[in-house]
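Take a look at the structure below.
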Amino acid sequence: MSGADVVSAVEGASAVLPCTFTHPTPDVALNGSVIWYREKSGDTKLVFKCTYPGSGPSGCDTTTQEAGGGRFGFVGNLSRRDASIMVERLKRSDGGRYRCRVELNVGNFQTAVLTDLSVRGNLNSLIYVLVVLVLLLLVCVLLAVSWKKKVHIWLMGFNRGTKRNVPRSTRSEQEQKPPQSEQPDSCTYATILIRGEKASKPQAEDQGGQKQEAGPPEVIYAEVVKKQ
């Protein structure tokens, strides 16, 4: 063939690699071998081979398959001139050029079909990876906050314990001295003496024989002295 079929698929999905051919005798039931190779980076590798007809579910007995656990399966029918296979759970490494070869036991017939398989990244897988990364980042932030709180609590306890163990002689004078309450200013008050006429002293008489009223009592005010 002059060209190759192109198959594009998403990582994690399945893809059918087509391989149809013609035979000189269309009505003859064919049997033989279906062989698939992968050509990548200048290296050719056998990835699948089966014998048709066979007793397997696909009508083909698989004899060779690439290591990876049954991801390649025969979906064709040689009697219908179809030797297609399916690749399941695609990986990015599955991309490359595939070559289909059919070997029939009728007239030693051989044919080859080329298929280019392109596997692109799955958007859902990228979203899943991003979600996982965001969740991991949140977990790291929560752990950092929790660790910071624990360190702060430990430092507070350490400071309290250190303060208790400090000798009294090293404490500040303000902590050593008891609080002094304010006392009122001290004052000395002098005695105030009020002196008046005694009641037994007779009242003076004026020249006309009339009694004169006694004068006001003598008052002495003492100075009030404030003690500094």
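Sequence positions, counted from 1, serve as the residue numbers for this chain. The figures that follow rest on heavy atoms only: side chains count, while hydrogens, waters and symmetry mates do not.
Between Thr115 and Arg97, the closest side-chain pair of non-hydrogen atoms is not below 4.5 Å. In this structure the side chain of Val7 never reaches within 4.5 angstrom of the side chain of Tyr98, judged on heavy atoms. Residues Tyr52 and Asn77 are in side-chain contact: their nearest non-hydrogen atoms beyond the backbone lie under 4.5 Å apart. Contact annotation: the side chain of Phe21 approaches that of Leu104 to within less than 4.5 Å [non-hydrogen atoms, C-beta and beyond].
Put simply, Trp36 and Val16 are part of two different groups of oily side chains (I, L, V, M, F, W, Y) that touch within less than 4.5 Å, one to the next. Under a hydrophobic-cluster definition in which Ile, Leu, Val, Met, Phe, Trp and Tyr are linked whenever side-chain heavy atoms come within less than 4.5 Å, directly or via other members, Leu117 and Ile85 are assigned to the same cluster. Ile35 is not connected to Leu78 by any chain of hydrophobic side-chain contacts under 4.5 Å among Ile, Leu, Val, Met, Phe, Trp and Tyr, and they are in different clusters.
The line from OG1 of Thr20 to CZ of Arg80 is 13.5 Å long, rounded to the nearest 0.5 Å. A distance of 10.5 Å separates CG of Asp116 from CG of Leu17, quoted to the nearest 0.5 Å.
The backbone N or O of Ser93 sits less than 3.5 Å from a side-chain atom of Lys40, completing a donor-acceptor pair. Not one N or O on the side chain of Arg71 forms a donor-acceptor pair closer than 3.5 Å with the backbone of Val87.
The closest side-chain donor-acceptor pair between Asp82 and Ser84 falls under 3.5 angstrom.
Other cluster members for Val139: Leu143, joined by side-chain heavy-atom distances under 4.5 Å among Ile, Leu, Val, Met, Phe, Trp and Tyr.
What you find for Gly121 and Val10 is that their closest heavy atoms are O-CG1, 4.2 Å.
Thr44 meets the side-chain contact (heavy atoms from CB on, under 4.5 Å) test with Tyr37, Glu39, Arg99; sequence neighbours excluded. Residues satisfying the salt bridge (Lys or Arg N to Asp or Glu O under 4.0 Å) criterion with Arg38, sequence neighbours excluded, are Glu66, Asp94.
Classified by interplanar angle (parallel below 30°, tilted 30° to 60°, perpendicular above 60°), the ring pair Phe48/Phe74 is parallel.
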CA sep, side-chain torsions, deciding dist, call: Asp61, Ser55, side-chain contact (heavy atoms from CB on, under 4.5 Å): CA-CA 6 Å; Asp61 290 336; Ser55 57; 3.4 Å; yes

